[in-house]
Amino acid sequence: MYPTIRLRRNRKHQWLRDLVSETTLLPQHLVYPIFITEGHGVREEVKTAPGINRLSIDEMLKDVAKAAKLGIKAVALFPVVPMDLKNEGADEAYNLDNLVCRAIRSIKNAEIEIGVICDVALDPYTIHGHDGVFKDGDVDNDLSVEALCNQALVLAKAGADIVAPSDMMDGRVGAIRDFLDDEGFEHVGILAYAAKYSSKFYGPFRDVVGSKVSLGEKGKATYQMDIRNSLEAMREIEFDINEGADMVMVKPGMPYLDVVCAAVQNFDVPVFAYQVSGEYAMIRHAANAGCFRFEDAMMESLIAFRRAGATAIFTYAAIEIAGML
Ligand code: PBG
């Protein structure tokens with residue numbers, strides 16, 4: 001006991017603080033999400049989240065090459081689909097030549113040494129902005145699962161290394177696994193957005209992809225998780241692992257680190273966490289208002305993800321932070 005024991009002794013020098021530190025943050029722990037848009041030479045900033053851009057494929061390739069050079073191991077691709085290609089059935093999602101498929105192929109053709117993760121969910125392609133197929137006033141689970149299998153197959157055919165269902169339909173991980181295996185894509189991994197909450201923090205993302213249009217009063221509350229629950233998150237994660245998920249995701253990140261921590265303690269698969277657009281925007285806007293330096297606060301938040309036990313973190317700040325590391 002004090003005064004014999006003095007915990008401040010281990011904090012006296014920088015070298016000593018480094019020596020006894022419990023957590024590491026390295027570029028290999030970061031995944032860089034990228035929004036792709038049609039066109040050439042396009043690098044469009046999003047007003048609600050300065051620092052997040054829409055990139056045409058040629059500009060995207062520059063960022064992907066930069067990420068690889070900095071030691072980032074994977075990018076996550078999200079298409080910004082032109083309004084006239086969206087419809088009720090999300091038909092563009094099954095087009096082997098759609099924007100995201102062209103983006104995947106361009107990364108693979110450029111032979112950049114980096115993993116390509118692709119979102120499986122219909123929201124960029126539907127007019128209402130929901131992640132699945134709408135029927136009788138709600139997103140229909142089983143019809144959506146069928147659609148998501150087809151979307152996952154198209155992404156696998158285009159060369160995606162990992163498909164990441166972010167839709168929260170029941171049973172989609174097992175269905176996608178079977179479907180991909182039957183079609184000869186048993187080598188393609190599944191990162192399951194297992195505990196994805198119905199969160200306000202997705203606001204800027206929905207601005208970027210234009211999926212906010214007509215989500216309706218209840219938003220995605222009938223399929224994304226209720227923010228009050230964490231035991232339910234463990235059930236979601238358990239289901240997805242049993243259905244064949246190679247890794248699971250908790251999302252959003254920072255307000256949900258309790259869920260990340262519980263997932264890490266309860267399961268033996270890699271647990272990823274997503275620092276979503278709204279979290280990024282909060283740090284960015286606060287920094288712009290002079291509250292702190294963006295890099296410092298961002299670094300602290302990402303270390304907190306790792307301290308909670310996250311294997312890897314999706315963050316829009318991946319390139320900036322990897323550069324500092
Ligand atoms: C779509 C999807 C969303 C995000 C990732 N995939 C938005 C949503 O569910 O409405 C959010 C990511 C972010 O906010 O950064 N299924």
Side-chain angles (χ1 to χ4, degrees), residues 30-36 46-54 74-81 86 90 93 100 117-134 139 141 144-145 147-148 151-152 155 160 162-169 172-173 176 190-227 236 248-256 272-285 298 301-302 305 312-318:
L30 306 176
V31 175
Y32 185 43
I34 304 178
F35 296 103
I36 316 146
V46 184
K47 232 201 268 136
T48 50
I52 299 182
N53 300 303
R54 298 187 188 98
V75 292
L77 303 182
F78 298 92
V80 179
V81 178
K86 300 187 186 200
V100 71
I117 302 174
C118 288
D119 215 57
V120 178
L122 301 184
D123 56 315
Y125 302 102
T126 53
I127 23 169
H128 41 67
H130 278 290
D131 291 13
V133 180
F134 220 69
V139 171
N141 194 86
S144 300
V145 169
L148 295 163
Q151 182 185 22
L155 296 168
I162 295 175
V163 291
S166 72
D167 54 284
M168 291 299 282
M169 298 304 124
R172 89 285 204 211
V173 172
I176 291 172
I190 298 181
L191 163 60
Y193 285 72
K196 177 171 177 181
Y197 288 86
S198 181
S199 170
K200 296 297 176 222
F201 290 101
Y202 308 148
F205 177 100
R206 292 177 186 169
D207 281 343
V208 180
V209 303
S211 66
K212 228 187 226 165
V213 246
S214 51
L215 276 183
E217 185 82 0
K218 53 182 187 276
K220 301 188 177 184
T222 69
Y223 48 105
Q224 297 182 344
M225 275 188 59
D226 190 293
I227 62 169
E236 284 284 1
V248 295
M249 175 85 91
V250 174
K251 176 186 175 185
M254 206 152 63
Y256 295 80
F272 288 17
Y274 201 137
Q275 182 185 53
V276 300
S277 56
E279 300 176 58
Y280 174 92
M282 285 197 299
I283 294 174
R284 176 65 77 183
H285 288 301
M298 183 51 80
S301 77
L302 296 175
F305 279 90
I313 310 150
F314 279 46
T315 174
Y316 300 98

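Start at 1 and go down the list; that is how both ligands and their atoms are numbered. All residue numbers in this chain count up from 1 along the given sequence. Please read all numbers here as calculations on a predicted model, not as lab measurements.
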field: Side chain, backbone, both or neither: the part of D167 lying under 4.0 Å from ligand 1 by heavy atom
entry: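 D167 to ligand 1: no contact under 4.0 Å from either part.
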With heavy atoms and a 4.0 Å threshold, my read on which part of A121 contacts ligand 1 is side chain
| message | Checking side-chain polar atoms at under 3.5 Å, does S301 have a donor or acceptor matched by the opposite partner on Q275? | response | yes
- Ring geometry between F35 and F78 (parallel below 30°, tilted from 30 to 60°, perpendicular above 60°): tilted
Contact atoms of ligand 1, heavy-atom distance to [X] under 4.0 Å:
{"X": "Y274", "value": "12 (C), 15 (O)"}
{"X": "D131", "value": "16 (N)"}
{"X": "K220", "value": "8 (C), 9 (O), 10 (O)"}
{"X": "Q224", "value": "8 (C), 9 (O)"}

In short, P252 meets E279 closest at the heavy-atom pair CB-OE2, 3.4 Å
Y316 touching ligand 1 at heavy-atom level, < 4.0 angstrom |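 Right, Y316 reaches ligand 1.
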Discussion item. Could you work out, for atom 10 (O) of ligand 1, the closest of R206, K251, E279 by heavy-atom distance?
Written reply: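 Looking at heavy atoms only, the winner is R206.
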OH/Y223: more than 12 non-hydrogen atoms of other groups inside 6.0 Å |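 Count over threshold, so yes.
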Cation-pi check, K196 to Y274: give yes when NZ or CZ is under 6.0 Å from the six-membered ring centre and within 45° of the ring axis, no otherwise. no
Do the side chain of R172 and the main chain of L148 share a donor and acceptor less than 3.5 angstrom apart?
no
